[in-house]
Amino acid sequence: MALLEVRNLGIAFGGLQAVSQLDMTIETGHLYGLIGPNGAGKTTAFNMLTGMYTPTEGNITLDGVDITGKTPEFISKHGVARTFQNIRLFDGLSVLDNVKLGLHNQMKYSMWDGIFRTPKYRVKEAEMNHQAMKLLKIFDLDKEANLLASSLPYGKQRKLEIARALATNPKLLLLDEPAAGMNPQETDELMKTVRFVRDEFGIAILLIEHDMNFVMGICEEITVLDHGQCIAHGTGKEVRNNPKVVAAYLGGE
Amino acid sequence: MKNMKVFANWKKLDKNFREKTVNYGIVLVAFLVIQILSATGNLKNSISGQLVPICTYVVMAISLNLVVGFLGELSLGHAGFMSLGAFSGTLFWVLNCETLPRPVALIAAFLIGGVVAGIFGFIIGIPVLRLRGDYLAIVTLAFGEIIKTVLNALYLGLDSNGFHLSMKDTMSLGMEADGKVLINGAIGITGISKASSFVIGIVLVLITLFVVMNLVDSRAGRAIKSIRDNRIAAESIGIPITKYKMMAFITSAVLAGMAGVLYALNYSTLVAKKFDYNTSILVLVFVVLGGMGNIRGSIIAATVLTILPELLRSVADYRMLVYAILLIAMMIFTQSPKAIAWRAVMVEKIKARRPGKGKMKQGEEG
């Protein structure tokens, strides 16, 4: 059985059908792309997958668990993590604390352990620090661990967001325009990082991206959305030569 | 030379640890200075009368900072929790201070004040914490006023048949001849045997510091701060928002309740009017002026602004005018970007002038 199964997913805001009849199947270890022109409903689909929006039709199954319309907290605990189109970090906290927050549901101790500084507090905090530093090292952020997240340059903020998402120990990682605002060099580097993450953590990655070199270079399977409808599906090559896709991007009949 | 080594080692310690130690240090030094001044008879009466209120407001400011500064929600009803704590704790104290040993009754009064305020914090938190921003502020304001108004109209008596409660007047309590009125509406609770002291106040301040500073710097505290910084991101990584909002809100209410007990037991009468909107705003001013999320700032702002009106008695006619001007000046000095830049420049200048600086760096390397 596939890791993520999306069947006939749709959502309407009042009279506006933002997404309809979306089908996707993602296996563990897959790199999957979701593309389409602006306003096609890509981020809306992400928001349904992560529980930010409740779908009005269809269902989502993750690893055999029905996660349709569940809370973001529930979905996160069952193994979906995401990054955001406009970076959402905890600006007032350190880089290290941002990742430790990702570990929140992995390593637990109670409020009382924290207030009274019990041995359990010390053990768990040390474990969290160790784990978080390991993740930061992968993204080459370990030297900045004690800086404020907001003080990082743009490219590193994007990386930190991915590190924080990975800290939640996901089975599926959703990246919303990870290469946005990056120069070609940074994009190349990011491509390597994304592949590395997939291999190292053995997870599936679903990404939205406008940079076609990035998508074609990295994704094994692509779904194209336009006006909330799936208009094409297949490998990079198949999608690129699909007349419907060309029309959606360039206009025309 | 030895001093420098201590200083160099001090710099190497964890930043959070240093901050905490300094905060405890400030409170303990202030305590010692006051004790020495009062032992040598150098403490003015006007100041010694303010010691317990200062401790009360420091606890109030730190606890409100947990909600406003760390959780990032504006609460305008903090005095409501203070009055709930004050009334429940004092009621227990009045009933039991003669039968139980005084220290036991006192500790129990503080615990009851805290627990009652905490329970109401939970009950009020359920509807309030669903709201955000301005709406949350307005609703907490309303709850603060409701608590004040209800307590102001509450009559409670005790006779051989037990407790009698009324919202009308003492007559409608319908008590036996041996009955005693405990809470007398707007007159409140009278004939309280005073029990608060500066020492108790300082102990409560230290307890508050311990709880809030350790909470903020732990797994739960991180979660609370993450909600402030980005609620949507916090949700996406599986932080249970409601749980941590509630945790901050209740902890804050419990501490405010205890502050209320401390305050009430410093006087012989307790009236609900004291805990109105103005008190909530006053505490909020301490928090904002001291800096959101800055515990040391809360301590200093609460202390200075509580003493200030007393110190200004010499210019009696212009007291509130001077108070207001100082408040504005302090706000500009601590919060305006230009003033902050100017302060940074001044600090650099002073550092450059100090000759010991270069030597210390050598010592660190060696």
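Because the structure is predicted, anything quoted here is derived from the model rather than measured. Labels below follow one simple rule: chain letters A, B, ... track the order of the sequence lines, proteins then strands, and each chain is numbered from 1.
- When each of B/L215, B/V216, B/D217, B/V212 is checked for heavy-atom pairs under 4.5 Å with chain A, B/D217 comes out on top.
- With contacts defined as side-chain heavy-atom distances shorter than 4.5 Å, the pair A/H104/B/I237 does not qualify.
- Of the listed residues (A/V80, A/N98, A/N105), the greatest number of heavy-atom pairs within a distance under 4.5 Å of chain B belongs to A/N105.
- Environment of CZ in B/R130: sparse, with no more than 12 heavy atoms of neighbouring residues, nucleotides or ligands closer than 6.0 Å.
- When heavy atoms are compared at a cutoff of 4.5 Å, A/K108 approaches chain B by way of both its backbone and its side chain.
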Practice prompt. Run the numbers on B/R222 and A/M128 for side-chain contact (heavy atoms from CB on, under 4.5 Å), then give the verdict.
Written response: CA-CA 13 Å; B/R222 268 197 302 272; A/M128 274 175 150; 3.3 Å; yes
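- For A/Y154, the OH atom is densely surrounded, since the number of other residues' heavy atoms within 6.0 Å is greater than 12.
- When the heavy atoms of residues 160-168 of chain A are compared with those of chain B, the residues falling under 4.5 Å are A/R164, A/T168, listed by number.
- In this structure, the portions of A/Y109 lying under 4.5 Å from any heavy atom of chain B include both its backbone and its side chain.
- With chain B as the partner, the residue from A/L89, A/T71, A/L101 showing the most heavy-atom pairs under 4.5 Å is A/L101.
- Heavy atoms of other residues, nucleotides or ligands lying less than 6.0 angstrom from OH of B/Y24 number more than 12.
- Here the side chains of B/F210 and A/I115 are in contact, with some heavy-atom distance below 4.5 Å.
- In this structure, the side chains of A/M111 and B/R219 stay at 4.5 Å or more apart for every pair of heavy atoms.
- Contacts of A/I75 with chain B are absent, with no heavy-atom separation under 4.5 Å from either backbone or side chain.
- Contact of B/F70 with chain A is not made at all, since no heavy-atom distance falls under 4.5 Å.
- If you tally non-hydrogen atom pairs under 4.5 Å between each of B/A234, B/G221, B/A220, B/S236 and chain A, the highest count goes to B/S236.
- Here A/M52 contributes atom CE and B/I232 contributes atom CD1; the two are 6.5 Å apart, rounded to the nearest 0.5 Å.
- A heavy-atom distance below 4.5 Å is not found between the side chains of A/D91 and B/N230.
- A donor-acceptor pair is defined here as one N or O able to donate and one able to accept, closer than 3.5 Å; such a pair exists between the side chain of A/S76 and the backbone of B/G238.
- Remark: B/R132 CZ is loosely packed, at most 12 non-hydrogen atoms of other residues, nucleotides or ligands lying under 6.0 Å away.
- Heavy-atom pairs under 4.5 Å with chain A peak, among B/R228, B/K15, B/E235, at B/E235.
- Around the CG atom of A/N86, the shell of radius 6.0 Å holds more than 12 heavy atoms that belong to other residues, nucleotides or ligands.
- At least one donor-acceptor pair closer than 3.5 Å links the side chain of B/D229 to the backbone N or O of A/G92.
- Put simply, the side chain of A/Y121 does not reach to within 4.5 Å of the side chain of B/N214, judged on heavy atoms.
- The neighbour count for A/Y32 OH, taken as heavy atoms of other residues, nucleotides or ligands under 6.0 Å away, is above 12.
- By the 4.5 Å heavy-atom criterion applied to side chains, B/S218 and A/E125 are not counted as neighbours.
- The part of A/M107 that comes within reach of chain B is its backbone (N, CA, C, O), which places non-hydrogen atoms under 4.5 angstrom from that chain.
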